[in-house]
There are 2 protein chains.
Amino acid sequence: MSKAYDVMAASCPSRTVLHRIGARWTIFVITALADQGGPMRFTELKRYIQGITPKVLTETLRALETDGLVLRVDHGDNPPHVDYALTELGQSLRAPLAAVREWAETHVPDILESQQRAAGSAAGAAGTHH
Amino acid sequence: MSKAYDVMAASCPSRTVLHRIGARWTIFVITALADQGGPMRFTELKRYIQGITPKVLTETLRALETDGLVLRVDHGDNPPHVDYALTELGQSLRAPLAAVREWAETHVPDILESQQRAAGSAAGAAGTHH
DNA sequence: CGGTATCCGGAGAGATACTG
DNA sequence: CAGTATCTCTCCGGATACCG
């Protein structure tokens with residue numbers, strides 16, 4: 001039997017899924033919650049993911065909640081108390097994203113070096129055109 | 001010893017790397033070249049990755065070349081003949097991205113279902129505001 | 001075949017300030 | 001604490017057409 005979904009097909013819904021996963025801040029939120037190993041509060045996430053703005057964090061969390069990857073629990077106290085945690089589905093995304101994160105952190109030097117070389121040869125070739 | 005790079009740090013270069021990997025079409029090109037197992041030509045890639053436009057494919061390939069993930073070989077014939085292949089660094093990205101692709105294709109139904117439920121409860125709650 | 005050259009729109013990212 | 005409310009702006013991605 002053939003696969004039900006194929007990302008190479010133009011109108012396959014898996015492309016939408018991929019788009020969500022690839023969204024700028026998704027990997028950070030999932031990774032943060034995974035790193036922590038338990039529920040985190042809004043401010044805690046914001047502190048952990050350095051440089052993220054509250055607006056973007058909210059948007060990302062809402063999207064992940066909609067997709068069933070993150071569970072939002074409002075304890076309704078005053079002052080407010082809201083917890084975010086990975087759902088089971090979210091947990092299943094831990095390993096793949098951890099691998100990507102690991103790859104990124106590991107290969108920074110390689111890529112920087114390649115970029116240097118590319119910039120260098122571009123500059124060197126700059127006079128040769130036209 | 002501590003890690004040299006940490007994606008959670010605001011100005012860590014690994015964030016740029018992550019941004020590149022997360023770029024809309026990166027995973028498709030890497031995956032296509034991995035699926036194929038050998039070099040592919042421009043038109044071949046375009047046919048394989050359904051729906052990609054030539055402009056975007058070119059941009060993606062150039063970026064991947066700059067980062068040292070893809071090697072471009074121009075055979076200089078007429079008609080033109082250009083091959084693209086994964087470098088060793090590109091190969092090392094196969095496994096992580098394959099995992100993500102696999103996850104996406106596998107969990108489409110779960111996510112679609114969650115989205116349905118979210119849309120449904122949003123509609124149900126629509127009258128309750130204000 | 002293997003790309004370029006344009007033009008364009010809109011989503012998403014960011015900064016900043018404010019609120020229950 | 002946990003978000004909203006705006007506003008701005010970039011740039012990414014897509015469509016279309018053309019070139020050596």
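Closest approach of A/Arg15 and B/Phe28 over heavy atoms only: NE-CE2, 3.5 Å. For the pair B/Phe42 and B/Pro54, the tightest heavy-atom approach, listed with the atom from each and the gap, is CZ-O, 3.7 Å.
Rounded to whole Å, atom C1' of C/dG2 lies 7 Å from atom OH of B/Tyr84. Computed from coordinates, the B/Leu61 CG to C/dG3 P distance equals 8 Å when rounded to whole Å. Between the CG atom of A/Asp74 and the P atom of C/dG20 there is a distance of 17 Å, given to the nearest Å. Here D/dA2 presents its C1' atom at 11 Å from NE2 of A/His81, a figure rounded to the nearest Å. We find that CZ of A/Phe28 is positioned 13 Å from C1' of C/dA13, with the value rounded to whole Å. When the C1' atom of D/dA2 is taken as reference, atom CZ of A/Arg62 falls 9 Å away, rounded to whole Å.
Between D/dG3 and A/Arg72, a contact under 4.0 Å exists linking OP1 or OP2 to a side-chain N or O.
Taking a 4.0 Å limit (strictly below) on heavy-atom distances, residues 30-46 of chain B does not reach DNA chain D anywhere.
Listed by first then second residue, pairs satisfying ring-ring contact (aromatic ring centres under 6.0 Å, His included) with a partner in residues 93-121 of chain B read B/Trp103-B/His107, not counting sequence neighbours.
Taking the charged nitrogens against the carboxylate oxygens, B/Arg101 and B/Asp35 do have a contact shorter than 4.0 Å, which makes a salt bridge.
Among A/Val29, A/Leu69, A/Ile30, the single residue meeting the side-chain contact (heavy atoms from CB on, under 4.5 Å) criterion with A/Leu86 is A/Ile30.
Judged by distance alone, with hydrogens and angles left aside, the side-chain atoms of A/Thr26 form a donor-acceptor pair with the main-chain N or O of A/Arg20 at under 3.5 Å. Counting only distance, with no hydrogens or angles, the side chain of B/Glu105 and the backbone of A/Val7 share a donor-acceptor pair below 3.5 Å.
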Between N or O atoms, less than 3.5 Å apart, protein on one side and nucleotides 12-14 of chain D on the other: list the pairs.
from   : atom 1 : to      : atom 2 : distance (Å)
D/dG13 : OP1    : B/Arg24 : N      : 3.1
D/dG13 : N7     : B/Lys55 : NZ     : 3.1
D/dG13 : O6     : B/Lys55 : NZ     : 3.3
D/dG14 : OP2    : B/Trp25 : NE1    : 2.9
D/dG14 : N7     : B/Lys55 : NZ     : 3.4
D/dG14 : O6     : B/Lys55 : NZ     : 2.4

